[in-house]
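Since the structure comes first, as structure tokens, the remarks are kept for the end.
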Amino acid sequence: MSDAPPQLFGERYQLERHLARGGMANVYLAHDLSLDRPVAVKVLFPEFATDPSFVERFRREAQAAANLNHPNIVSVFDWGEQNGTYFIVMEYLEGRSLAEMLRAEGPLGAERTASIAADIAAALDFAHRRGVIHRDVKPGNVLVSPDGEVKVTDFGIARAVSTQENLTQVGAVMGTATYFSPEQARGEVVDARSDVYALGIVIYELLVGRPPFTGDNPVAVAYKQVQEQPIAPRRIDPAIPAPIEAVTLKALAKQPANRYQSAEELRADLRRFSQGHPVTAVGGAAAANELATQAVAPVPGLDGTRAVPAYTGQVAAYDEFPTRRWPLIVTLVVLALALVGLGVAFANNLGIGGGATKVTVPDTVGQPVADATATLEDAGFEVKVTNVQNDTVELGTVVRQSPEGGTKTSDGAEVELFVSAQPEVELPDLVGTDLETARGQLFFAGLSAEVTEQFDDNIARDTVLSQDPAPFTMVKSGSAVRLVVSKGPTEVAVPDVRNLTSEEASTQLIAAGFNPVIQPARSDSVPEGRVIRTDPANGALLAKGANVTVFVASGAATVEVPNVIGQTQDAATTALRDRGFRVSVANQIVGAGDVGKVVNQSPTGGDRAAPEATVTITVGQAAASSTTTTSSTTTTTTP
């Protein structure tokens, strides 16, 4: 099949021009010949059109989106197949995406942010109540029309929650890492609260002009989503009102239970802020009091993985963006988490202390660790997850717990879950990667890094030089991997070459591994031809091969001005030029005895001035017989 799409789809949609490229489809502006209106037509890439699983995902996208009839959601009108190419027909909306607005305007301000975010939340709540989670909420998927109408688009990786069939897609993209929820980054099953988290990131970005977590690659960003807390917006911009900061931080809580439990709850708080009423997210305590990490649930084997479709392009923004399929993050998040259980305790409720109420511990044996953790945390317990080898129980399942289910213990006590986990994992090849990427890969593989640094004249700083154990070695889950990382070229102290000749200084600097650059400079204290100083200064540590500027005295910085008062103009000019000065001559009418002589000079004799500075001499001039007034003229003479 040709790469060029047909110009007429469904015998009514006439393509006019290309608008954008998404994760698995191109988008075109088209004209609906039947209804005489512009529409956007999304056409599946030819390489996907032959894959039944992608076609099924594409069909479900159309069906799910077509049922979302809401003022803040881009409408889907039609879908179909033609000549082996599948297409969806959507509402065409003129305007800009929030991503474009951020690039053009920067932060949008608290009031405008709250208004836009409330409309996004309304769209998400409508979808959630109909069993559809967006999974890719980001500024590029929100359109704002010229009159301020806000519409959410691209439910391209959404999936109806009620769907029973799991469509496994190895290598599929799971949203956009910058807007991942922690549970989405860990490969867990997500619910509506994942969209709430993503919208929290959008709100954060609209307030401060950048998202809370950035990195060189998707792995590094996903790592931060799980491990790090965002900087409070008011620390970046103190002018941001405290209530909307609290709303943002509550939406960004690492634990879903600490967030708004629905998009409608978030929308309600945004409206309270806009109307000047107190918000429920007082101080953002739910987010601020969380630890920097939370329990990472192992995922059952690959056959049970709930994959997410690879459609992350900003299609409906009608802007050109590259395809993003990131096999690295998929391999690490889907496959590694499918093999490895990462157990880190996350406290949700604090015990009161002596005399605490005794409560019954729920029995979670046999449950997936994510479900068991949620059950125990909802009951008020802290959870500790320990991975154990078990050849008979499915990976990621609770084998036993302590205290056992049915026993009574203090409210807020710790319950340790022993979870079936793969005992060994294959080490990735980290040599040549940057340190941040290496740490992320090890984190998602259930491993940690022990880093040592050494100088390397040929390898860039923070690049992994070697690893121990070697790549592709099988190691125990939770093991530390020793990484040797480049500190960059060897640093050498700049030698002291002051008062040496330029040739001597150059010889020493070259021997030390530097590249000398000679720069003439004047000095009153250093003899001509000798080194005054270097930049960087002597003793500074510098990488071999770096330039060192050598300032060599080219003469005195200042010269004494001779006293030429009383001399003739010619004699005074010669004396001043011999010292390297320029001469400017002024005339002044004087008595007969001073005619032709220097009667004044500036600078005065005995002062010091820079070579080639101008010295002005005033030469006496006879008065004209026809005038009784005095006058002077000035001429400038240069050497």
Side-chain angles (χ1 to χ4, degrees), residues 68 70-74 95-99 101-102 105-129 133-134 136-145 147-153 179 181 191-212 230-288:
L68 301 179
H70 187 273
N72 297 117
I73 296 177
V74 172
R96 296 185 297 169
S97 69
L98 278 184
M101 293 173 64
L102 279 166
E105 304 176 27
L108 302 187
E111 293 293 340
R112 194 176 177 196
T113 293
S115 174
I116 291 173
D119 286 344
I120 299 171
L124 294 176
D125 181 68
F126 182 85
H128 294 164
R129 286 187 282 109
I133 302 170
H134 192 289
D136 198 22
V137 178
K138 59 186 177 184
N141 283 340
V142 178
L143 299 177
V144 181
S145 70
D147 60 0
E149 182 182 15
V150 176
K151 293 210 175 196
V152 179
T153 185
Y179 306 92
S181 65
D191 58 23
R193 293 171 296 182
S194 183
D195 282 352
V196 169
Y197 183 93
L199 179 50
I201 291 185
V202 172
I203 296 172
Y204 188 106
E205 189 171 0
L206 295 180
L207 288 173
V208 306
R210 60 176 174 82
I231 298 172
R234 283 165 55 81
R235 289 182 58 189
I236 300 172
D237 182 1
I240 294 172
I244 198 166
E245 176 187 77
V247 170
T248 306
L249 293 179
K250 182 172 181 179
L252 290 177
K254 298 295 183 186
Q255 288 198 52
N258 287 346
R259 296 176 207 147
Y260 294 98
Q261 295 304 288
S262 69
E264 177 54 34
E265 284 188 15
L266 172 55
R267 178 175 177 268
D269 243 3
L270 289 167
R271 289 177 60 83
R272 291 187 189 99
F273 167 75
S274 297
Q275 295 167 0
H277 301 315
V279 299
T280 63
V282 179

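Predicted model, so just to flag it, every value in this text is computed and none were measured. Values below: every heavy atom of this structure, side chains too, minus hydrogens, waters and symmetry copies. The chain is numbered in sequence order, starting from 1.
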*Could you walk me through whether Val137 and Tyr197 pass side-chain contact (heavy atoms from CB on, under 4.5 Å), step by step?*
CA-CA 9 Å; Val137 178; Tyr197 183 93; over 6 Å; no

*side-chain contact (heavy atoms from CB on, under 4.5 Å) between Asn141 and His134, worked out*: CA-CA 10 Å; Asn141 283 340; His134 192 289; 3.8 Å; yes

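Between Thr280 and Lys250, the shortest heavy-atom contact is OG1-NZ, 4.1 Å. Nearest heavy-atom pair, Ala281 versus Tyr260, reported as atom, atom and distance to 0.1 Å: CB-OH, 3.3 Å. Considering every non-hydrogen atom in both Leu252 and Pro230, the closest pair reads CD1-CG, 4.1 Å. For Gly200 against Thr248, the heavy-atom pair with the smallest separation is O-CG2, 3.7 Å. The two residues Leu199 and Ala117 come nearest to each other via the heavy atoms CD2-O, 3.9 Å. Nearest heavy-atom pair across Asn72 and Ala122 is OD1-CB, 4.0 Å.
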For residues 201-210, which side-chain donor-acceptor pairs fall under 3.5 Å, sequence neighbours excluded?
from: Tyr204; atom 1: OH; to: Ile231; atom 2: O; distance (Å): 2.6
from: Glu205; atom 1: OE1; to: Tyr179; atom 2: OH; distance (Å): 2.6

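Annotation: side-chain contact (heavy atoms from CB on, under 4.5 Å) contacts of Gln261 (sequence neighbours excluded): Arg193, Glu265. Partners of Pro241 according to the side-chain contact (heavy atoms from CB on, under 4.5 Å) rule, which considers only residues two or more places apart in sequence or in another chain, are Ala110, Pro243, Ile244, Phe273. With sequence neighbours excluded, no residue forms a salt bridge (charged side-chain N to carboxylate O under 4.0 Å, His left out) with Arg271. Listed by chain and number, the residues in a salt bridge (charged side-chain N to carboxylate O under 4.0 Å, His left out) with Glu264 are Arg267 (sequence neighbours excluded).
Sorted by first and then second residue, the pairs that involve residues 272-282 and meet salt bridge (Lys or Arg N to Asp or Glu O under 4.0 Å), not counting sequence neighbours, are Asp269-Arg272. Residues in residues 107-117 take part in these salt bridge (Lys or Arg N to Asp or Glu O under 4.0 Å) pairs, two or more places apart or across chains: Glu105-Arg112. The list of side chain to side chain donor-acceptor pair (under 3.5 Å) pairs with a residue in residues 117-128, not counting sequence neighbours, reads Asp125-Arg129, His128-Asp195.
If you take OG on Ser194 and CZ on Arg259, they are separated by 6.5 Å, rounding to the nearest 0.5 Å.
Contact of the Ile120 side chain with the Leu98 side chain is registered, since non-hydrogen atoms from C-beta on lie closer than 4.5 Å.
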